[in-house]
Structure formats: structure tokens, C-alpha cells
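So that the names make sense, note that chain A is the first sequence line, chain B the second, and so on, each numbered from 1. Computed from a prediction, not measured in an experiment: that's the story for all the values here.
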Amino acid sequence: MDDAALLEAVAEGSQDAMAAVYDRYSRIVYCIALRVLREPALAEDVMQEVLLQVWKRPQSFVSQRGNLGAWLSVVTRNRSIDVLRKRSPLEPLDDMPLPDPRDMIMESEQNLVLDKVRAAIDSLPEEQQGPLELAYFHGLSHTEIAEKTGSPLGTVKTRIRAGLMTIRKAMNV
Amino acid sequence: MNDDRLHIADADLALYAMGALTVLEMDSTRAHLHVCAQCQEELRQNQIALAAYAQSTEEVAPPDGARDRFMAKLAMTPQLHPQPQAQPEPAPQASSPDVPQEPLSLWRTFKLFVSANFAGPLAGALAVLLFAVSIDDVKFREALHSERIQAKQAKTDSAQLAQLMELLASPHAKRVVLHQGSVASPPPEGKVAYDASTGKLLLSATNLQPLPAGKTYELWILQPAGNKPLPAGTFKPDATGNAAIVLAQAPVGLKVQAFGVTVENAGGSDTPTLPIILSGS
């Protein structure tokens, strides 16, 4: 059963369908939450929360379609950063921008594209890989990264942008 | 983003997609995105790449028993049915399915309030009030009423700031430098405001020469001898020679000797390329 059919069934209240969504996406959701939070218990909490949102409001995704896994990945990362920042005295990110699910890469080409993305990330020089990781998975702002790395703010921005452009080129977007 | 209009710098759009800008920068970027299809497209491409970056994480199985715990919680969680009369917010980026649409709980009220711009200190104080005190119903309702009024004011302030940001960045806004007497061919001119205590920086420039393709102007913070010049943002003039960097975030507490502007390759440089075409101390 594809994601659209699963979500239709979830929207009709099928717990079995929701269990199938869990089986399909819990690993990627959990590992992203763990990468950000680095605490298994917190990562499990975020995984539960994100997947329960699919259960509570499946219509919000059914109406837009797209790649559920990619979209859940972004939501999980954002929610994890939100949790991380609430544990430290920084501003929350409830209004962090979310992509349109329809823009995500197609499931059919996902494995191929992700292989290219992983290779592109591995090819990044550490000076780009580090700031990108700090910004995306550690939730640090550009000024915090500049302070942490001792690099000028403009350099940090340039390196993050360069790293992201390498990923975009690998994906042809 | 290589036309003559003033746009959000590509690097800032990348940071915006990650939520890695300051609150003010997030607001000003969001305001610009509302009216700029070109920056929306750049953001969209960044978001696609970032989603793939997230997905590239090596998968790890959840802990033992996680599935059972999830299913147990699922069994106790009712589904929320769509409310036909409740329209989503007009801004597509703000629509976040990871924010539950539940009745106004204490926590959600707090989150709503904190998310209102410029409400941080007030929200913090209110959070202490709401969470530290054993809340009886009357006190809670009074606090909630006060909170709503102040949240409304904070939103108004935020909207005014967003409009100011948009005006400063607008390619359609007319910028005039006033001189004594008449000046036939006014020279390029830039004005910088920098607050060392917050690191906030603003540049407004007029009468700039157009740039060849692949080039950009870059602002530099020139520090006392022995310290490297710091890049403070790239910018391009519009068709009438005007440009601005609105509320950039520079390092806090710098001892600034002067500011300078150079022409660099697109994307900016780590070190200034001579000559410095505009400077001032």
C-alpha cells in the first residue's frame, strides 16, 4: 500500500494503517531526532509526537500529497531543534518554515538521489561540513557558529551556503 | 538572484530555511518572501536540498518497546477532524502541521505568546508567572486576558517592523539624498548604522554604479590595526543605484575603525579586494 492509500486509511481511523506508517517511517524519524537531541529518550518522545500528528491530522497531508518520508524528516528535525532550544534559553522555532510536501523528491527516485546526496556530503571539506551540521542538526544560529568556530560571520554564511549548493547540485535543484 | 532588484542574500535564505537566523532576521526575511517570487523559488530549492540532507542520516532502529509504547499512546489519542470554517493563515510557510490545533491550553498559549515578535521578555515573565504559581481559575483567566492584550500589541509592533523592513528593502521605494544647492551628478554614497552592543547593522547606499555579471558589492568592518577586516554582507544596487543591507547581524562588541565597500566576486569574499570604493569612519 502506498503512502497516499495508507493516509486515506489513517484518516478513516485505522490504527493498523497508522501502525504501518510507524513501521515505514519510525527509523528515519527516530534517527533524525537522535542526531539532533543525542538522547534516546528525548528522540523517542519527538518520534511519538511527530507520528501522532500524522494520526491526529492526516487530512493536512492527504490534501497536499508529496513524499511523506521527506516531509516527516523536515518536521522531525524542526521539532527536535525546538525541543533542543527549549532546553537552553534560546528562542523557540515554532514558526520555522516548512517545505511544501509536493516539492520533495519523489519516492521512486529517493534512494538514488539520497545516495548522491550522501556522496556529496562526504565530499564536502570539513570547513563546510562542520558549519552545515552545526546549523542544521545542532540548531545553532550563524552568530553562534561564528563564535564556536572562531570564523568571521561572513565566512560561516559563505561556507554553509557552499555546502548546501553542493547538495543542490548533486540533486540537480 | 542576479537581476537588478534587491533580494535576500542567498546565504541568508539558506540560513532562513534552517531557522538559523535571528528572530528579527527571520521576520524581515519572511516579510520579503511574501512579495518576492524569486526569493521564494530560491528558498524552495534550499528546502528540497535540506530535506534530502535530513533524510541522508543513517537510519537507527528505535529502542526496544518503542512500537508498543507508540501503539498504546495511539489508542488513547483521538483524531482531530478538520474544521471547514477554520482557514489556514495566508502565509504558506507559517502553516505547520507539527503544531497541534488543540483548544487553547496553558502551554499552547505560552507558545503562541512567545512566538509573537518582541514578546520575549514579557513572555518569559509571564511563563514564570503561569508555571510557578499554583493557578486557580480566576487568576489564570486574569493572566490570560492580560496576555492576550499584550500579545496583540506585540503582533502590532511586529507588523510595523515588518513593514519598515519591507520599505527599506523595497526596490520601488524612492531614496533621495538631500544636498545644499544642486548637484548635477551626485557621487556614490553610503550610510552605515552599527550598534556594537547588539551587533545589528544597517547599510543604505545611493548612486552606486551598476556591476558586471558575477560581481557584487561587499561591506567590510575595518578594525584597528592587527585585526582582519570582517565581511558584513553583500549587496547589489537596483536600477537607480540604490541598495541596502537591512538589519544584518554583525559580531557584538567590535571596535570599529571604519567601514568600507569593495567590489567582489558574487557570493562575497573572505578578504577585501582593493580598491575600497566607499569608506567612512
Side-chain angles (χ1 to χ4, degrees), chain A residues 13 15 18-19 22 26-28 30-32 34-35 40 44 47-48 50-53 55-57 59-61 70 73-75 77-79 81 91-99 103-105 113-114 117-118 121 135-136 141-143 152-155 157-158 160-161 164 167-168 171 173, chain B residues 10-12 14-23 43-63 66-67 69-71 73-75 77 79-80 82 92-94 96-101 111 114-115 120 199 230-233 249-251 267-268 270:
Chain A
Q15 292 191 11
M18 193 60 226
Y22 177 95
S26 59
R27 291 173 68 92
I28 184 68
Y30 176 73
C31 75
I32 291 170
L34 187 62
R35 186 169 180 180
E44 185 179 337
M47 177 188 73
Q48 278 200 1
V50 168
L51 292 174
L52 280 173
Q53 287 309 315
W55 168 251
K56 287 178 184 173
R57 304 179 64 217
Q59 302 85 358
S60 65
F61 193 86
S73 299
V74 178
V75 170
R77 179 268 175 187
N78 289 0
R79 183 62 194 135
I81 297 291
E91 64 269 26
L93 292 172
D94 284 341
D95 60 347
M96 199 181 293
L98 277 174
D103 285 339
M104 301 294 100
I105 51 175
V113 172
L114 290 183
V117 168
R118 289 190 188 100
I121 293 166
Y136 196 68
S141 70
H142 52 356
T143 48
L153 194 63
T155 303
K157 288 185 175 185
T158 301
I160 290 173
R161 161 78 177 159
L164 191 57
I167 297 174
R168 280 174 55 172
M171 300 176 69
V173 295
Chain B
D10 290 346
D12 285 343
L15 292 164
Y16 176 81
M18 301 183 208
L21 295 172
T22 64
V23 173
L43 173 65
R44 189 185 72 84
Q45 293 180 7
N46 286 341
Q47 289 178 318
I48 294 170
L50 286 171
Y53 183 39
Q55 282 187 289
S56 70
T57 303
E58 188 177 346
E59 292 194 7
V60 178
R67 190 179 193 277
R69 289 190 286 277
F70 175 77
M71 293 309 295
K73 201 159 186 177
L74 180 72
T77 305
Q79 288 184 300
L80 302 174
Q93 303 296 346
S96 171
D98 65 341
V99 179
Q101 299 300 304
K111 290 207 297 182
V114 168
S115 66
L230 294 178
Q249 181 62 54
D270 289 343

If you look at every heavy atom in A:R57 and B:L80, which pair is closest and at what distance?
->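 Minimum heavy-atom separation between A:R57 and B:L80: CG-CD1, 4.1 Å.
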Atom pair [atom1] ([X]) and [atom2] ([Y]), whose distance is rounded to the nearest 0.5 Å:
| X | Y | atom1 | atom2 | value |
| --- | --- | --- | --- | --- |
| B:L15 | B:N46 | CG | CG | 9.5 Å |
| A:Y136 | B:M18 | OH | CE | 8.0 Å |
| A:K157 | B:D10 | NZ | CG | 11.5 Å |
| A:L52 | A:M18 | CG | CE | 7.0 Å |

For B:L74, is it the side chain, the backbone, both, or neither that has a heavy atom closer than 4.5 Å to a heavy atom of chain A?
->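 It is both, since atoms from each part get that close.
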What part of [X] gets within 4.5 angstrom of chain B, counting heavy atoms only: side chain, backbone, both, or neither?
| X | answer |
| --- | --- |
| A:I121 | side chain |
| A:L153 | side chain |
| A:Y22 | side chain |
| A:Q48 | both |
| A:T143 | side chain |

Select, from A:G154, A:P40, A:C31, A:A135, the one with the greatest count of heavy-atom pairs under 4.5 Å involving chain B.
->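 The option with the most such pairs is A:C31.
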Heavy-atom pair count under 4.5 Å with chain A, highest-scoring of B:A75, B:G199, B:A11, B:A54 |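 Among the listed options, the one with the most contacts to chain A is B:A54.
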Looking at B:A14, B:G233, B:S56, B:P231, which one has more heavy-atom pairs under 4.5 Å with chain A than the rest?
->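 Among B:A14, B:G233, B:S56, B:P231, the one with the most close pairs to chain A is B:S56.
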Do A:R35 and B:E58 sit within salt-bridge range, that is, some charged N less than 4.0 Å from a carboxylate O?
->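 A salt bridge is absent here (no side-chain N lies under 4.0 Å from a carboxylate O).
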Spell out, as yes or no, whether a donor-acceptor pair under 3.5 Å connects the side chain of B:Q45 to the backbone of A:R168.
->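 Pair absent, no side-chain N/O of B:Q45 close to backbone of A:R168.
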